[in-house]
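These figures come from a predicted structure and were not determined experimentally. Starting from 1, each residue takes its place in the sequence as its number. When a ligand or atom number is given, it counts from 1 through the structure's own listing order.
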Amino acid sequence: MRVLVTYGSKRGGTEGIARWLAQALRDEGLDAEVAAPQDVGDVSGYGAVIVGGSLYANRWHRDARRFVHRHARRLRERPTWFFSSGPLDASASDGDLPPTPQVRALMEQVHASGHMTFGGRLEADARGFLARSMAREHAGDWRDLEQLRRWAASLAEALALVGDLGPAPRGSESHVPF
Ligand SMILES: Cc1cc2nc3c(=O)[nH]c(=O)nc-3n(C[C@H](O)[C@H](O)[C@H](O)COP(=O)(O)O)c2cc1C
């Protein structure tokens, strides 16, 4: 099954997660590819889509939000998962940080099957006034590869189940059982 991983990322940390995730999904036997949201014309060729966004003031990066709005109808027709990347500490590693209210609303819009929050990254020499002052105390890389691999394995398992159930009837919503 072809799987698209796309992202909204200001400073590259979330893009990095998208790339690792696609690799982890390929390791699980899926035909996964990464594309920047502006390079995706149509998601019809994909069996499943994963959209990630970096968090700034609890809001997803604009490119990720726009992607969801633009493709909402098609996303509702196929299994779609979201991930967020943000916390500059180890709080995301357990895998149970919920989506922010804005991201939850986007999930409802496309009937997303699930969400994962990953730790973020902020470089010590980050540009921008706010980023620079945050970096004084919070610079670091909290993206957790083990957490990412566990999530990739659970997605592969869910997609294998979808595959066993056969393709959904045209126009129907996805029915991933979790
Ligand atoms: C100004 C600013 C605001 C941020 N706000 C949040 C936030 O509300 N929640 C959060 O979890 N992380 C927040 N972060 C951390 C970023 O989400 C984190 O650095 C992330 O990895 C950035 O992803 P990117 O490199 O793809 O842009 C903030 C970072 C900055 C610089």
Side-chain angles (χ1 to χ4, degrees), residues 3-28 30 32-41 43 46 48-72 75 80-110 112-155:
V3 179
L4 171 68
V5 185
T6 190
Y7 55 84
S9 177
K10 185 168 182 170
R11 295 185 169 83
T14 310
E15 177 180 351
I17 293 177
R19 295 189 181 283
W20 289 333
L21 185 61
Q23 182 58 55
L25 291 170
R26 286 194 290 275
D27 292 345
E28 295 286 339
L30 289 158
E33 58 192 78
V34 187
Q38 56 274 21
D39 295 338
V40 181
V43 298
Y46 298 100
V49 178
I50 301 164
V51 189
S54 50
L55 289 171
Y56 286 91
N58 275 335
R59 291 167 62 79
W60 244 17
H61 189 278
R62 187 179 56 182
D63 290 352
R65 293 196 319 259
R66 284 193 177 158
F67 179 88
V68 171
H69 291 310
R70 193 161 65 243
H71 298 282
L75 293 177
T80 298
W81 282 270
F82 286 180
F83 69 86
S84 302
S85 170
L88 297 171
D89 56 29
S91 61
S93 281
D94 288 343
D96 49 14
L97 278 189
T100 66
Q102 184 212 43
V103 175
R104 182 175 293 285
L106 288 168
M107 289 179 71
E108 283 165 13
Q109 199 180 325
V110 299
S113 302
H115 172 274
M116 180 59 72
T117 303
F118 293 105
R121 178 189 70 173
L122 186 61
E123 286 167 336
D125 59 353
R127 292 163 74 122
F129 177 77
L130 272 178
R132 217 171 35 245
S133 54
M134 269 180 85
R136 269 182 223 122
E137 297 214 353
H138 300 286
D141 192 347
W142 280 271
R143 298 171 302 169
D144 183 336
L145 265 175
E146 275 316 305
Q147 180 193 2
L148 184 140
R149 288 199 191 100
R150 283 196 302 275
W151 196 51
S154 75
L155 298 191

Salt-bridge criterion met for R121 and E123 (N-O under 4.0 Å) = yes
N/O of G8 under 3.5 Å from N/O of ligand 1, yes or no?
-> no
Please step through side chain to side chain donor-acceptor pair (under 3.5 Å) for the pair Y56 and R62, ending with a clear verdict.
-> CA-CA 10 Å; Y56 286 91; R62 187 179 56 182; over 6 Å; no
How far is atom 9 (N) of ligand 1 from its nearest protein heavy atom, and which residue and atom is that?
-> L55 CB, 3.8 Å
Note: S9, heavy atoms under 4.0 Å from ligand 1, region reported as both
Parallel under 30°, tilted from 30 to 60°, perpendicular over 60°: which one fits the rings of F118 and W151?
-> perpendicular
Check whether any N or O atom of K10, backbone or side chain, sits under 3.5 Å from an N or O atom of ligand 1, and answer yes or no.
-> yes
Any N/O pair G13/ligand 1 closer than 3.5 Å | yes
Write out the residue and atom name of the closest protein heavy atom to atom 15 (C) of ligand 1, then the distance separating them to 0.1 Å.
-> G86 O, 3.4 Å
Apply the test side chain to side chain contact (heavy atoms under 4.5 Å, CB included) to residues F82 and V103: give CA-CA distance (whole Å), side-chain angles for both, the deciding distance (0.1 Å), then the verdict.
-> CA-CA 8 Å; F82 286 180; V103 175; 4.1 Å; yes
Got H61 and S9 here, is their nearest side-chain heavy-atom distance under 4.5 Å?
-> no
Go through the steps for L148 and R143 under the test side chain to side chain contact (heavy atoms under 4.5 Å, CB included), then give the verdict.
-> CA-CA 8 Å; L148 184 140; R143 298 171 302 169; over 6 Å; no
Any N or O of A57 closer than 3.5 Å to N or O of ligand 1 = yes
Atoms of ligand 1, numbered as shown, that sit under 4.0 Å from any heavy atom of G120 = 21 (O)
Atom 24 (P) of ligand 1: nearest protein contact (heavy atom, Å) | R11 N, 3.5 Å
The closest protein heavy-atom partner of atom 21 (O) of ligand 1 is R121 N, 2.8 Å
Hey, which atoms in ligand 1 end up nearer than 4.0 Å to a heavy atom of L130?
-> 1 (C)
Out of R132, M134, H61, whose heavy atom sits nearest atom 29 (C) of ligand 1?
-> M134
Using a 4.0 Å heavy-atom threshold (strictly under), name the region of T117 that reaches ligand 1: side chain, backbone, both or neither.
-> neither
Give the residue, atom name and distance (to 0.1 Å) of the protein heavy atom nearest atom 23 (O) of ligand 1.
-> S54 CB, 3.1 Å
With atoms numbered from 1 as shown, which atoms in ligand 1 lie under 4.0 angstrom from a non-hydrogen atom of G12?
-> 24 (P), 25 (O), 26 (O)
What one should report as the nearest heavy-atom pair of L4 and A35 is CD1-CB, 3.9 Å
Could you walk me through whether R149 and E28 pass the side chain to side chain contact (heavy atoms under 4.5 Å, CB included) test, one step at a time?
-> CA-CA 9 Å; R149 288 199 191 100; E28 295 286 339; over 6 Å; no
Protein contact to atom 8 (O) of ligand 1 [nearest heavy atom, distance to 0.1 Å] | N58 N, 2.7 Å
Go through ligand 1 atom by atom and flag the ones less than 4.0 Å from a non-hydrogen atom of L88.
-> 15 (C), 19 (O)
What protein heavy atom sits nearest atom 22 (C) of ligand 1, and how far off is it?
-> Y56 OH, 3.4 Å
Are a donor atom and an acceptor atom from the side chains of Q147 and R150 found within less than 3.5 Å of each other?
-> no
Criterion side-chain contact (heavy atoms from CB on, under 4.5 Å) against S54, the qualifying member of T14, I17, D63 | T14
What atoms of ligand 1 come closer than 4.0 angstrom to any heavy atom of P87?
-> 10 (C), 11 (O), 12 (N)
Numbered atoms and elements of ligand 1 in range of A131, under 4.0 angstrom, heavy atoms | 31 (C)
Worked verdict on E15 versus R19 for salt bridge (charged side-chain N to carboxylate O under 4.0 Å, His left out) = CA-CA 6 Å; E15 177 180 351; R19 295 189 181 283; 2.9 Å; yes
Please answer whether the main-chain N or O of L97 pairs with a side-chain N or O of T117 as donor and acceptor at a distance below 3.5 Å.
-> yes
